[in-house]
Amino acid sequence: MIECTLTTFNSLHPRLQFTLEIGGNSINFLDLTIINNNGMIELDWYHKPTFSGRYLNYFSAHPTSQKKGIIMGMLDRVMLLSDPKFRYKNIKFIINTLLNNDVLPKFDNKNVLYKLFCKDCDATYVGQTYRKLSTRISEHRRHINWNTNSHSVITDHRIEFSHDFDWENVRIFDKEKFLKKRLISEMAFIQMQNNGLNLRSDTEGLHYTYAAMLESFS
């Protein structure tokens, strides 16, 4: 009977063709997974295989109301389309999805604390920048070729030991838009290095009680 009905529908027009899906204990329909649990119907939130997980990026210039609306819409789907037993799972899914949508490509980040690693030894360098990370890393990388009197501990290390740095695997430690807080964070991370290249003057503003405590974490 089902096959006959499908054949009848598909005979109406060659460019209008229907498909048939026969479920067992569950079947997917639109945004739902309909489950037959011993005669009881349960509903869960369903995502198609083509679901990309991409939503409006948190750092975009869109109004905050639109960003909040996306979150509220996702939560409505969890509460309205899924039974209570599936809600915890679906809320975790929302959190992970949203976290993946607020991350910019690493080198496009601004207002960051970063750490550079020498490829040939355990030396490291901690810095901060309000500009794009790519701009600051490019300056570190090209400084060795500049005809300048400006000092660079990274360039000194490269020349003295013929070492180079892992420019592609820069680590971001922190993001902070306020300069004063960013500088405090920078001093803390400098203090926790085991073989840091930063100058002693880079941590002069850090109180000695904090310095001793941070050294215990290094």
Next on the checklist: Tell me whether the count of non-hydrogen atoms from other residues, nucleotides or ligands lying under 6.0 Å of CZ in R131 goes above 12.
Outcome noted: yes
Next on the checklist: Can you tell me if F178 has over 12 outside heavy atoms packed within less than 6.0 Å of its CZ?
Outcome noted: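 Not buried by this count: 12 neighbours or fewer within 6.0 Å.
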Any side-chain to backbone donor/acceptor pair from [X] onto [Y]? Under 3.5 Å, distance only.
{"X": "D120", "Y": "D164", "value": "yes"}
{"X": "S185", "Y": "K181", "value": "no"}
{"X": "D83", "Y": "L43", "value": "yes"}
{"X": "H143", "Y": "S150", "value": "yes"}
{"X": "N111", "Y": "K175", "value": "no"}
{"X": "R87", "Y": "M79", "value": "yes"}
{"X": "N198", "Y": "V126", "value": "yes"}
{"X": "S11", "Y": "T8", "value": "yes"}
{"X": "R158", "Y": "R141", "value": "yes"}

Measuring only between side-chain heavy atoms, which start at C-beta, is [X] closer than 4.5 Å to [Y]?
{"X": "Y114", "Y": "T129", "result": "yes"}
{"X": "T135", "Y": "E139", "result": "yes"}
{"X": "L199", "Y": "H151", "result": "yes"}
{"X": "N36", "Y": "I27", "result": "no"}
{"X": "T155", "Y": "W146", "result": "no"}
{"X": "H47", "Y": "T97", "result": "no"}
{"X": "E168", "Y": "V170", "result": "no"}
{"X": "I95", "Y": "I91", "result": "yes"}

Of the non-hydrogen atoms in [X] and [Y], which two are nearest, and what is the gap between them?
{"X": "W167", "Y": "F107", "answer": "O-CZ, 3.5 Å"}
{"X": "I41", "Y": "I34", "answer": "CG2-CG2, 3.9 Å"}
{"X": "L30", "Y": "Y46", "answer": "O-CD2, 3.3 Å"}
{"X": "I154", "Y": "F165", "answer": "CG2-CE1, 3.6 Å"}

Item to check | Aromatic contact, Y125 with H157 (centres under 6.0 Å) | outcome: no
Next on the checklist: Working note: K89 + D44, criterion side-chain contact (heavy atoms from CB on, under 4.5 Å); need CA distance, chi angles, decisive distance, verdict.
Outcome noted: CA-CA 10 Å; K89 167 182 72 74; D44 194 9; 3.1 Å; yes
Next on the checklist: Tell me whether L32 shares a hydrophobic cluster with I94, the cluster being built from Ile, Leu, Val, Met, Phe, Trp, Tyr side chains joined at under 4.5 Å.
Outcome noted: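 Linked within one cluster.
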Checklist entry - Taking Q128 as the fixed residue, which of E186, R136, R182 is the one that meets the side-chain hydrogen bond (donor to acceptor under 3.5 Å, both in side chains) rule? => result R182
Checklist entry - Could you walk me through whether I71 and K68 pass the side-chain contact (heavy atoms from CB on, under 4.5 Å) check? => result CA-CA 5 Å; I71 298 172; K68 290 181 178 179; 5.7 Å; no
Roughly how far, to the nearest 0.5 Å, is [atom2] of [Y] from [atom1] of [X]?
{"X": "D76", "Y": "L81", "atom1": "CG", "atom2": "CG", "answer": "9.0 Å"}
{"X": "M72", "Y": "L75", "atom1": "CE", "atom2": "CG", "answer": "6.0 Å"}
{"X": "N109", "Y": "I172", "atom1": "CG", "atom2": "CD1", "answer": "4.0 Å"}
{"X": "D31", "Y": "R77", "atom1": "CG", "atom2": "CZ", "answer": "4.5 Å"}

Item to check | Step-by-step side-chain contact (heavy atoms from CB on, under 4.5 Å) determination, N90 to M74 | outcome: CA-CA 9 Å; N90 289 331; M74 296 174 76; over 6 Å; no
Next on the checklist: Please tell me whether N28 and T33 have a donor and an acceptor in their side chains that are separated by less than 3.5 angstrom.
Outcome noted: yes
Item to check | Any side-chain donor near an acceptor of the partner, T124 and Q193, under 3.5 Å | outcome: yes
Next on the checklist: Test side-chain contact (heavy atoms from CB on, under 4.5 Å) on D174 and F189; report intermediate values, then the result.
Outcome noted: CA-CA 10 Å; D174 196 8; F189 282 112; 4.2 Å; yes
Item to check | Mutual orientation of the aromatic rings belonging to F18 and F9 [parallel < 30°, tilted 30-60°, perpendicular > 60°] | outcome: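 Correct class here is perpendicular.
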